[in-house]
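First up is the structure itself, then whatever we jot down about it.
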Amino acid sequence: MCETGVKVEFEKKAFEQIRQNASQVLNSDDAPDVTEYNKGNATSGLLASQGLLTNLNDYVSEHGWDKIITGSLADTGKYDEQGMMGSGDWYGITTGAVK
């Protein structure tokens, strides 16, 4: 349990398992609420363009992350409709921004 009372269940996967199965896992009733995944056009961008990732724009604005996470760090979390990284909606927060 976290201090907030939220129960967090961790499941470790090898990179190759995630890469091969991400779209199937995320397109199921058993999809995780949060996942760490490679950032890029062929990885997170593809999933974002397929509608398999949740748009985080409201959370980014609410918490001011767009003021804190800027430049190339922001680019890795934003994808356009074609799944191209660097602009468009927020679908992730880079681990480089986590302190």
Side-chain angles (χ1 to χ4, degrees):
M1 287 261 182
C2 295
E3 291 179 23
T4 61
V6 174
K7 183 179 178 186
V8 177
E9 294 180 26
F10 290 94
E11 184 176 328
K12 292 184 179 182
K13 298 277 187 193
F15 171 76
E16 194 61 24
Q17 288 175 295
I18 295 170
R19 188 188 66 76
Q20 290 178 354
N21 300 313
S23 61
Q24 292 172 341
V25 170
L26 295 174
N27 196 20
S28 75
D29 292 337
D30 295 327
D33 293 326
V34 176
T35 187
E36 184 172 1
Y37 194 62
N38 273 0
K39 294 94 177 152
N41 302 329
T43 51
S44 294
L46 177 62
L47 298 176
S49 70
Q50 294 173 339
L52 297 174
L53 299 180
T54 301
N55 179 310
L56 300 175
N57 289 343
D58 291 342
Y59 297 102
V60 170
S61 295
E62 179 182 337
H63 295 285
W65 296 336
D66 53 342
K67 308 292 186 268
I68 300 166
I69 303 168
T70 60
S72 62
L73 287 177
D75 288 348
T76 63
K78 296 171 15 178
Y79 297 91
D80 66 15
E81 298 83 26
Q82 289 78 39
M84 298 302 290
M85 181 174 64
S87 66
D89 294 320
W90 288 84
Y91 289 98
I93 302 298
T94 179
T95 52
V98 178
K99 303 222 186 254

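Between Leu46 and Ser49, the shortest heavy-atom distance links the atoms O-OG, 2.8 Å.
When the side-chain contact (heavy atoms from CB on, under 4.5 Å) test is applied to Leu47, the partners found at least two apart in sequence or on another chain are Ala22, Ser23, Leu26, Tyr37, Gln50, Leu52, Leu53. Remark: Glu9 engages Lys7 in a side-chain contact (heavy atoms from CB on, under 4.5 Å) (not counting sequence neighbours). Judged as a salt bridge (charged side-chain N to carboxylate O under 4.0 Å, His left out), and not counting sequence neighbours, the contacts of Glu11 are Lys13.
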Show me the donor-acceptor pairs, under 3.5 Å and distance only, between side chains in residues 65-72 and residues at least two apart or in other chains.
none

May I have the list of side-chain donor-acceptor pairs in residues 78-90 shorter than 3.5 Å, sequence neighbours left out?
unit_1: Tyr79; atom_1: OH; unit_2: Gly40; atom_2: N; d: 3.0
unit_1: Tyr79; atom_1: OH; unit_2: Thr76; atom_2: O; d: 3.2
unit_1: Asp80; atom_1: OD1; unit_2: Gln82; atom_2: N; d: 3.0
unit_1: Asp80; atom_1: OD1; unit_2: Gly83; atom_2: N; d: 3.1
unit_1: Asp80; atom_1: OD1; unit_2: Met84; atom_2: N; d: 2.9
unit_1: Asp89; atom_1: OD1; unit_2: Asn57; atom_2: ND2; d: 2.6
unit_1: Asp89; atom_1: OD2; unit_2: Asn55; atom_2: ND2; d: 3.3

